[in-house]
Every structure is written in C-alpha cells, then in structure tokens.
Protein chains: 2
Amino acid sequence: MQNSEALALTAALLAAAGDLTQRINDGVVARGFEGRPAYGFAFTRLSRGGATVTDLATHLGVTKQAASQLVEELVRKGYVERRPHPGDARARLVVLTERGWGCTRAAEEAAAEVIQEWAELLGGEGEVRVLRDQLTRIAPYGPIRPAW
Amino acid sequence: MQNSEALALTAALLAAAGDLTQRINDGVVARGFEGRPAYGFAFTRLSRGGATVTDLATHLGVTKQAASQLVEELVRKGYVERRPHPGDARARLVVLTERGWGCTRAAEEAAAEVIQEWAELLGGEGEVRVLRDQLTRIAPYGPIRPAW
DNA sequence: CTACATAGTCAAGCAGCTTGACCAAGCTAA
DNA sequence: TTAGCTTGGTCAAGCTGCTTGACTATGTAG
C-alpha cells in the first residue's frame, strides 16, 4: 500500500465518519430533540441498564469531571435521571428517561436513514454488510475517541 | 437494514476513524514532530501549491479567524510560512516549509503503517482496496468535519 | 469615483474539556 | 473496632480552540 493510497483511505474514512455524525445529529434535531453528538455515545452506554458517571467517563474516554458535566446537562434537558445506586451508596446510577429513550430511537432512525442512502450508493445492502464487517474487524476496543 | 445494524456500523466507523486519527498523530509525534490532527488536514490542502487563509478555512469547515490562528500556530512551529500572494495584495499565500514537508511525509508513513496493519486484519491488501473504494463512494465532498 | 465584495486581523466571549483539591463511602488488615 | 488506603462524585479554576462582531486594506463592477 503506497502512502498516497493510505492518505486517500484516511481522508475517505474521516469524511464518511464526519458526515455520518453530522447527519445523525441533524436527524435527531429534526425529530425534535436538541443534542450534540456526544449524547449518542452516552446513550449507547446508558441504554444497557444505566451507568455510573465513572463508567461513562471510561466509555467516553474523558475525565469523570467531564462526564459529570455531561450528565448534568442531560439531566437539565430531561434525557436522564440520577438514582441512588443499589449496593453502593457512593455511586449514583444514571438512567435514561422516557424522553431519553425517544432521543435514542431518533438517533437510530437517523442513522438507518443515512445508511440506507449508503446502500443505494454502494449498490445494495450486501455491500453495506461487507463494509460493516470490515470496519468491525479493524475497529479497536476501548473508549470512543473523537476523530480529530 | 435494521436500526441496530445501523448503530453497529456507526459505532465501528467512528471507532475506526478515531483510532486511525490517534495513531497517525502518535506516529507523527514519534517521528519528532509536534502536532495535532488538524495539522494533517491543513497540510493536505497546502501540499498542492499552498493556499490562502480563506481557502484553508473553507477546506477545514471553520471560520477564517480559526484558520488564521491555525496558520499562526504552524508558522510559530516552523511548518509553514506566509508569502505575499502573487496577483492579490490583500491575500497571503501560506506554503509548507521543508520541515512542513517532513511532517507531511511522517503523517503519510504513519498512516501507511496503520493501514498495513488493517490489511493483515482483513486478510490482504485487496480487502483494503475494497474498503477504500466503498468509503470513497460514500464520502461526501465539501469541508472536512470533526467526527464528533 | 463610488459602492460594494473580499482577504485578513484584532478582540471578546463561550463550550467543553483539563488538572487539582476535596468529601463521603467502601474496602482491607490489624 | 479502627487506621489507612481506594473509589465515586463534586467544586473550582484554568486552558484551548473555536465562535461572533468590528475593523482595515485591497480588489472589482458600474
């Protein structure tokens, strides 16, 4: 693989990622929710039984202070609520509210729309599956990172 | 395509993009340059004959003030220099210095390394080419956007 | 020559993150 | 039990990279 090809792949990957993020966010907003992309990553983690602030921080790859601020923002907007943690009085369990679930579904729908469009560009859902499988194989574990 | 599949693709795409960005930057730093990911996008544009601040701003999808600050930073670090623009006394042409070219090559090498690794994960360079072609087809034109 | 558009800078402000200090609650060992 | 350390979370201050707004200098169209 030549360097220039590596750069072409890099540019295409980042362009696709940025475009996808933007359009999912636009779709969420169009469905009546206000948000920023980071919400989606938080929701992904919260949608499986809730999480503590520290869990979220790890998942997002930020400090717990930053995660705490994000949670505060989500509480203010009515997407999540803090509950006492069963079994650890220090911790608080952050869970999605009904509105939070609605926002999550909106994000899913918006994502599905974009990917539907990609399927048309690529010539079929099979091609999308190939893409997803390839990306899954190269995607690392660990915290989510901003693409730049 | 079901919603959950769309989310899986989204997550994998963003994880791959974030990982790639991070590792290219790490590679650049390991080669003795200091930088942040945005530099790479600027260099991509500058490497084709230089650009004005306004060109850069458009390419990066930010205000010209932000682009101007970035250029100032790059000048301070010795990666670019400002020259009078031939044919427009208002404008200044920002061009890469020798050190700037070195940093650009370092980024190319770092990118090639990561993608070499991806080729092994995917089982061959042919698979990488498939990935690149697919991404190229779905990647939009227009300014580069942060992935989140 | 006038009027407007464009390239660039200066200044102020803001969002989202960081580091550092701290408290309350849990854990471990004596 | 208690002493000492770890862990979950918050408060406060500060920084970075962006924004909007105001402005100057140069170009361009009538």
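Chain naming here is simple, since letters A, B, ... match the order of the sequence lines and numbering starts at 1 in each.
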Exercise. Tell me what B:Thr63 touches on the nucleic acid: a base, only sugar-phosphate, or nothing, going by heavy atoms under 4.0 Å.
Key: base

Quiz item: So what does A:Ala66 touch, heavy atoms closer than 4.0 Å: a base, only the sugar-phosphate, or nothing?
Solution: base

Rounded interatomic separation in angstrom, taking [atom1] from [X] and [atom2] from [N]:
X	N	atom1	atom2	result
A:Arg36	D:dG17	CZ	C1'	15 Å
A:Glu72	C:dA15	CD	C1'	15 Å
A:Leu56	D:dG8	CG	P	13 Å
B:Lys64	C:dT9	NZ	C1'	9 Å
A:His85	D:dG9	NE2	P	8 Å
B:His59	C:dA7	NE2	C1'	19 Å
B:Asp88	D:dT24	CG	P	20 Å

Side chain of [X] (C-beta onward), nearest among [options]:
X	options	result
A:Arg92	D:dT26, C:dG26, D:dT10	D:dT10
A:Thr54	D:dG9, D:dT19, C:dG16	D:dG9
A:Arg90	C:dT18, D:dG9, C:dA25	C:dA25
A:Gln65	C:dA21, D:dG9, C:dT9	C:dA21
B:Thr52	D:dG9, C:dA7, C:dT9	C:dA7

Quiz item: Around atom CD of B:Glu34, are there more than 12 heavy atoms of other residues, nucleotides or ligands at under 6.0 Å?
Solution: no

Quiz item: Heavy-atom count around B:Arg83 CZ within 6.0 Å, excluding the residue itself: above 12?
Solution: no

Practice problem: Fit a plane to each ring of A:Phe43 and A:Tyr79, take the angle between them on a 0 to 90° scale, and name the class: parallel (under 30°), tilted (30 to 60°) or perpendicular (over 60°). | Solution: perpendicular

Quiz prompt | side-chain N/O A:Arg82 vs D:dG8 OP1/OP2, d < 4.0 Å | solution = no

Quiz item: Is the side chain of B:Ser68 donor-acceptor paired with the backbone N or O of B:Lys64 at a distance under 3.5 Å, no angle test?
Solution: no

Exercise. Would you kindly compare B:Ala89 and A:Gln69 by the position of their nearest DNA chain D nucleotide and give the one closer to the 5′ end?
Key: A:Gln69

Exercise. Would you give the length of the straight line joining atom OG1 of A:Thr10 to atom CD1 of B:Ile115, rounded to the nearest 0.5 angstrom?
Key: 4.0 Å

Quiz item: 5'-most contact on DNA chain C: A:Leu70 or B:Ala91, nearest heavy atom basis?
Solution: B:Ala91

